[in-house]
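Values in this document were obtained by computation on a predicted structure and should not be read as measured data. Hydrogens, waters and symmetry mates play no part in the numbers below; they use all other heavy atoms, side chains included.
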Amino acid sequence: RTLTISNQLDTKAINVKAAAKTYQLTSKKDAAGKVSYSTTEVPFGNIKVGDSLEVVFKVSPDGLVDVMNVIILPPVVPTT
């Protein structure tokens, strides 16, 4: 499994091992307007191009990247 991340002009392909977990972060607003968040483990294939992600990884001394988990963030809803 490969995850390609980009920020402005930089792009990096990262190998994601099968042991790495993928989660979906969801938000819910109650009647009082208070927002609560929860996560659910989901298949890696749920990640779509354009999703905002939080990728937790460790870089070894030899420069290899080991992805610990990936969190699919909820879409940003503009406030007015």
In this structure, would I5 and M68 fall into the same cluster of hydrophobic residues linked by side-chain contacts under 4.5 Å?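 No, no single cluster joins them.
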
Shared ILVMFWY cluster between V67 and I71, side chains joined below 4.5 angstrom? no

Examine distances only and state if a side-chain atom of [X] and a backbone atom of [Y] form a donor-acceptor pair shorter than 3.5 Å.
X   : Y   : value
N7  : D10 : no
R1  : G45 : no
D51 : L53 : no

According to side-chain contact (heavy atoms from CB on, under 4.5 Å), who are the partners of T11, at least two apart in sequence or on a separate chain? T4, S6

Quick one: [atom1] on [X] to [atom2] on [Y], what's the gap to the nearest 0.5 Å?
X   : Y   : atom1 : atom2 : result
F44 : N46 : CZ    : CG    : 10.5 Å
K29 : S36 : NZ    : OG    : 11.0 Å
K12 : T2  : NZ    : OG1   : 11.0 Å
K58 : D66 : NZ    : CG    : 6.5 Å
T26 : Y37 : OG1   : OH    : 10.0 Å

Within the 4.5 Å heavy-atom criterion, are [X] and [Y] side-chain neighbours or not?
X   : Y   : answer
I72 : L25 : no
V59 : L64 : no
I47 : V70 : yes
N15 : V65 : no
S27 : V35 : yes

Around Y23, counting heavy atoms of other residues, nucleotides and ligands shown, do more than 12 lie under 6.0 Å from its OH?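 Result for OH/Y23: enclosed.
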
